[in-house]
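In what follows, chains are A, B, ... by sequence order, proteins preceding strands, each numbered from 1.
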Protein chains: 2
Amino acid sequence: MKDPLEQWLEELLEKHEGERMTDKQSRILRAAVEVFAEKGYSGAATSEIAQRAGVAEGTIFRHYRTKKDLLYSIVAPFVARLIEPFVLRDLYPLIDNPHPTFEGFIRGILDNRIAFAEKNIKVIRILLQEVPFHPELREQFLSKVADRVLRKITNVVNHYREQGHIVEVPPLTAVRLVGSTLFGYLIVRFLFAPTGWDDSLEREATVQYILHGLSSRIEAK
Amino acid sequence: MKDPLEQWLEELLEKHEGERMTDKQSRILRAAVEVFAEKGYSGAATSEIAQRAGVAEGTIFRHYRTKKDLLYSIVAPFVARLIEPFVLRDLYPLIDNPHPTFEGFIRGILDNRIAFAEKNIKVIRILLQEVPFHPELREQFLSKVADRVLRKITNVVNHYREQGHIVEVPPLTAVRLVGSTLFGYLIVRFLFAPTGWDDSLEREATVQYILHGLSSRIEAK
DNA sequence: CATCAAAATGAGTGATTACTCACTTTTTAT
DNA sequence: ATAAAAAGTGAGTAATCACTCATTTTGATG
């Protein structure tokens, strides 16, 4: 089985700037992802990145003008990827030709985001750690993810609400509730990684929690 | 109205080590909380902490042997506080003489944790940012919070499950689901702080989401 | 093989880092 | 009032930081 990070980096290397990267340049990126994830941006030394990549320190600065440029070259395309396949590949078909049930929609979202997180834990970790310290990063993240994704999802939520599948709450609130449940699942599974985690059980419980939490209420005594 | 951080620091200053702190020492702590929250541990310079506190840099190292000691002196008592009032003040009465309804219990937890977060945003921010980089911190956090708190909460969950108030899921799963919903509420409210946030509406929606997500299912159709 | 531009190098730069220590000031005890 | 202890100081230190640059290596082209 192929290392998912490997796969992601390859795509990044091929597509980035049109031209292909040199061997050393890709090793710099790989090492930078490692060290940033381990020590955070401030705690990561360019000397260590160079050492782990097996290149001279000067080589880093031949390709990236500053250390911050190096960070952005890793995180920026990831932010784009965070939404692009999500919105375009999964959401558009769901909007244009939505899944008949809210349950089917939720299961689809869960599967998709779990697969995405599985592939990109390290870069996600970097993003979560550095966003608080880099206003430009936060701005880019919010303007892309928040504005574009939320608007799209809001449409979908409205659709199911109109169909009477889910309860009457502001769509943004619904997104927050589902989002935090999904996020909690991902954090516990990938960052805490508890022993004896029965994934199919946990996943099913999570789906049921979301469905019952949002589905139209049946008044009972 | 009094600054909540002020209040927390005062308690910390009085109780810490039994003896009272000097004026300069408390100003060092205050400044350290500021700078750590703004720049993270690695990004924070002791020179800047000294400057903001209005003391000489040497004074910091008279009271704290290393920069890491300074961080721990802020975070460690907070971790204790994270559980102490939570477990003892709120949970024990709920276990010994539990709230008759699951709904009442959830509302109580929500109120309590919201108030706590409101008081301690800055230190929470430091804790969230630094836990990934300090294994000792993570260990302490997990051994105290995870083990002790989770065990206590598990009992409460079991209680409501036996009473038939909530659905049949593993107690730890229930804690994860409620926890992530509560956590999501806190993050969105305090860290994102969206404009036009209708708190009473959001809070009620969150409670309803949790209650319906976990309450015993009524088979329909 | 010769040419040349891009890639790579690593010693060197000044700035900044956490931390020390000899010394002065303030507080406490008698 | 005086001595002892504790608190505070700031110049100084070695280490490390991100980054530069003159020089060498590499790889493609004629």
Peer 1: Going by salt bridge (Lys or Arg N to Asp or Glu O under 4.0 Å), name the residues that satisfy it together with B:Arg138, two or more places apart in sequence or in a different chain.
Peer 2: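 Result, salt bridge (Lys or Arg N to Asp or Glu O under 4.0 Å) vs B:Arg138: none returned.
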
Peer 1: With respect to A:Leu70, which candidate in A:Thr46, A:Leu29, A:Val75 satisfies the side chain to side chain contact (heavy atoms under 4.5 Å, CB included) definition?
Peer 2: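 For A:Leu70, the side chain to side chain contact (heavy atoms under 4.5 Å, CB included) test succeeds with only one of A:Thr46, A:Leu29, A:Val75, which is A:Leu29.
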
Peer 1: Return the set of residues passing side chain to side chain contact (heavy atoms under 4.5 Å, CB included) with A:Ser143 (not counting sequence neighbours), or none when no residue passes.
Peer 2: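 Per chain and number, A:Ser143 pairs via side chain to side chain contact (heavy atoms under 4.5 Å, CB included) with no residue.
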
Peer 1: By salt bridge (Lys or Arg N to Asp or Glu O under 4.0 Å), which residues pair with A:Asp23, not counting sequence neighbours?
Peer 2: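 Once residues adjacent in sequence are excluded, the partners of A:Asp23 under the salt bridge (Lys or Arg N to Asp or Glu O under 4.0 Å) criterion are A:Arg27.
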
Peer 1: Measure from CZ on B:Phe61 to P on D:dG12 and round the result to the nearest Å.
Peer 2: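 Taking CZ of B:Phe61 and P of D:dG12, I get 18 Å after rounding.
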
Peer 1: Aromatic rings A:Tyr160 and A:Phe105: how do their planes relate, parallel, tilted or perpendicular, breaks at 30° and 60°?
Peer 2: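 Tilted: the ring planes of A:Tyr160 and A:Phe105 meet at 30° to 60°.
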
Peer 1: Quick one: list whatever passes salt bridge (Lys or Arg N to Asp or Glu O under 4.0 Å) with B:Asp111, sequence neighbours left out.
Peer 2: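 Here the qualifying residues are B:Arg203.
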
Peer 1: With A:His134, which residues qualify under ring-ring contact (aromatic ring centres under 6.0 Å, His included), at least two apart?
Peer 2: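 For A:His134, the residues satisfying ring-ring contact (aromatic ring centres under 6.0 Å, His included) (neighbours in sequence not counted) are A:Tyr41.
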
Peer 1: How would you list all residue pairs meeting salt bridge (Lys or Arg N to Asp or Glu O under 4.0 Å) that involve residues 124-133 of chain A, not counting sequence neighbours?
Peer 2: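 For residues 124-133 of chain A: none.
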
Peer 1: Which pairs, with at least one residue in residues 44-64 of chain A and sequence neighbours excluded, count as a salt bridge (Lys or Arg N to Asp or Glu O under 4.0 Å)?
Peer 2: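 Every salt bridge (Lys or Arg N to Asp or Glu O under 4.0 Å) pair that includes a residue of residues 44-64 of chain A, provided the two are not neighbours, is A:Glu38-A:Arg52, A:Lys39-A:Glu48, A:Glu48-A:Arg52.
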
Peer 1: Protein within reach of the bases, or only the backbone? For nucleotides 5-11 of chain D, mark each nucleotide 5' to 3' as B, S or -, using heavy atoms under 4.0 Å.
Peer 2: --BBBB-

Peer 1: Let's see if you get this right: which residues in residues 43-50 of chain A place a heavy atom under 4.0 Å from DNA chain D?
Peer 2: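 Heavy-atom cutoff 4.0 Å gives A:Ala44, A:Ala45, A:Thr46, A:Ser47.
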
Peer 1: Could you name each residue pair satisfying salt bridge (Lys or Arg N to Asp or Glu O under 4.0 Å) that touches residues 67-76 of chain B, not counting sequence neighbours?
Peer 2: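 Found B:Arg65-B:Asp69.
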
Peer 1: If every non-hydrogen atom of B:Ser42 is compared with every non-hydrogen atom of A:Ser42, which pair is closest and at what distance?
Peer 2: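 Closest heavy-atom pair between B:Ser42 and A:Ser42: CB-CB, 3.5 Å.
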
Peer 1: Any side-chain heavy atom of B:Phe36 sitting closer than 4.5 Å to one from B:Val123?
Peer 2: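 No, too far: nothing below the 4.5 Å cut-off.
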
Peer 1: Can you pull the contact range of chain B along DNA chain C, 5' to 3', using atoms under 4.0 angstrom from its heavy atoms?
Peer 2: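 First-to-last contact on DNA chain C, by the 4.0 Å heavy-atom rule, is C:dT17 to C:dA22.
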
Peer 1: Pull out every protein N or O sitting under 3.5 Å from an N or O of nucleotides 25-27 of chain D, one pair per line with the distance.
Peer 2:
none

